[in-house]
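Hydrogens, waters and symmetry mates play no part in the numbers below; they use all other heavy atoms, side chains included. Keep in mind the model is a prediction, meaning the values are calculated, not measured. Remember, it's 1-based here, ligands and their atoms both numbered in the order they're listed.
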Amino acid sequence: MKGTKKHMNIYLIGFMGCGKSAVGRCLESDFGQKLVEMDEAIEKQNGMSVAEIFQKQGEEAFRKMETEFLKELRFQKNLVVSCGGGVPMREYNVCEMRAGGKIVLLTASPQTVYQRVYKTRNRPLLEGRMSVQGIEELMEVRRERYEKAADIQITTDNKKPMEIAAEIMRKLK
Ligand code: S3P
């Protein structure tokens with residue numbers, strides 16, 4: 001199936017572990033959008049993992065890299081951008097995404113997120129917060145900005161990435 005109507009970009013936002021990467025891969029394989037993994041791209045540009053960037057240069061430096069990276073995408077089309085979970089927290093980033101296409105918020109319950117991330121060690125913001133309660137607290141802090149940024153919102157609990165990708169394309173038509 002072909003991609004979006006006006007060749008717009010799709011920006012997947014949402015909390016860590018909400019399925020942005022998995023859904024992004026499906027939007028690429030089944031709907032012809034070109035996948036951009038923000039964290040991976042920033043890691044490549046800097047020759048360091050996100051965790052190392054946080055450790056050596058601090059979170060603020062990482063946030064600036066995210067913004068600079070988003071600006072680089074401004075004139076590209078037909079992308080699906082799997083954004084780091086902190087991206088919509090900056091208003092500037094939201095304007096940048098709005099100018100480039102549609103913003104899709106993926107959500108999941110704190111329990112689902114915990115099940116998806118508890119074995120991973122590459123997310124500095126979950127260090128010391130790796131519990132359902134810790135996840136829920138940070139989710140609450142972010143909820144309002146996430147919801148305000150989104151053009152559409154989709155829950156991912158108990159759904160397969162492929163179903164979610166199809167739901168996104170239906171809703172964006
Ligand atoms: C972050 C989410 C991570 C990564 C970094 C910070 C956040 O990306 O960008 O660890 O602030 O929520 P994912 O959402 O892809 O895990």
Side-chain angles (χ1 to χ4, degrees), residues 9-28 33-73 79-94 96-97 100-101 103-150 152-157 159 161 164-165 168:
N9 295 334
I10 299 173
Y11 297 89
L12 299 178
I13 64 165
F15 200 79
M16 295 166 269
C18 276
K20 291 165 289 182
S21 299
V23 171
R25 284 193 290 275
C26 293
L27 286 170
E28 179 169 68
Q33 301 288 124
K34 184 179 176 328
L35 176 61
V36 175
E37 269 290 349
M38 252 180 105
D39 283 346
E40 261 181 46
I42 290 173
E43 288 180 337
K44 226 184 214 166
Q45 282 180 345
N46 289 275
M48 266 186 267
S49 69
V50 170
E52 281 174 309
I53 298 172
F54 266 69
Q55 202 186 16
K56 294 187 177 148
Q57 303 186 29
E59 179 173 350
E60 195 47 32
F62 176 71
R63 299 303 175 196
K64 286 189 182 138
M65 290 172 193
E66 289 183 314
T67 298
E68 286 311 308
F69 185 72
L70 267 185
K71 284 201 230 167
E72 287 174 26
L73 303 181
L79 304 178
V80 53
V81 186
S82 172
C83 296
V87 167
M89 301 308 286
R90 277 191 166 194
E91 193 50 37
Y92 182 89
N93 295 344
V94 175
E96 196 64 44
M97 293 190 283
I103 305 176
V104 177
L105 171 61
L106 301 183
T107 65
S109 69
Q111 289 79 5
T112 300
V113 168
Y114 178 74
Q115 284 308 320
R116 290 176 184 162
V117 302
Y118 81 99
K119 284 186 185 146
T120 63
R121 279 281 162 272
N122 55 350
R123 292 182 172 100
L125 288 187
L126 292 181
E127 293 294 320
R129 205 196 296 271
M130 197 55 101
S131 64
V132 173
Q133 195 194 333
I135 287 168
E136 190 167 16
E137 281 166 8
L138 185 55
M139 253 184 195
E140 276 311 310
V141 170
R142 292 185 165 188
R143 182 190 301 279
E144 198 181 331
R145 273 182 188 268
Y146 280 1
E147 290 180 351
K148 232 175 115 200
I152 62 170
Q153 184 171 333
I154 293 179
T155 56
T156 66
D157 300 272
K159 290 182 192 162
I164 300 163
I168 291 172

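A salt bridge is absent between K148 and E144; no separation between the charged side-chain nitrogens and carboxylate oxygens falls under 4.0 Å. Electrostatic pairing of R90 and E68 does not count as a salt bridge here, judged by no charged N lying under 4.0 Å from a carboxylate O. A salt bridge is defined here as a Lys NZ or Arg NE, NH1 or NH2 lying under 4.0 Å from an Asp or Glu carboxylate O, and E28 with R25 fails to meet this definition.
Judged by distance alone, the side chains of E137 and Q133 do bring a donor and an acceptor atom under 3.5 Å apart.
At a threshold of 4.5 Å between non-hydrogen side-chain atoms, the residues Y11 and M38 do not count as touching.
Set against the non-hydrogen atoms of V50, the atoms of ligand 1 under 4.0 Å away are 5 (C), 10 (O). Heavy-atom contacts of K20 reach the following atoms of ligand 1: 13 (P), 14 (O), 15 (O) (cutoff under 4.0 Å). The R123 neighbourhood of ligand 1 comprises atoms 16 (O), with distances under 4.0 Å to a heavy atom of that residue. Listed by atom number, the atoms of ligand 1 under 4.0 Å from L125 heavy atoms are 7 (C), 11 (O). Ligand-side atoms of ligand 1 in range of F62: 9 (O), range being under 4.0 angstrom from any heavy atom. Near R142, meaning under 4.0 Å from any of its heavy atoms, are these atoms of ligand 1: 7 (C), 11 (O), 12 (O).
In R63, the part holding a heavy atom less than 4.0 Å from any atom of ligand 1 is the side chain.
Closest to atom 10 (O) of ligand 1 among all protein heavy atoms lies P124 CD, 3.5 Å.
In this structure, C18 and L106 approach most closely via the heavy-atom pair SG-O, 3.5 Å.
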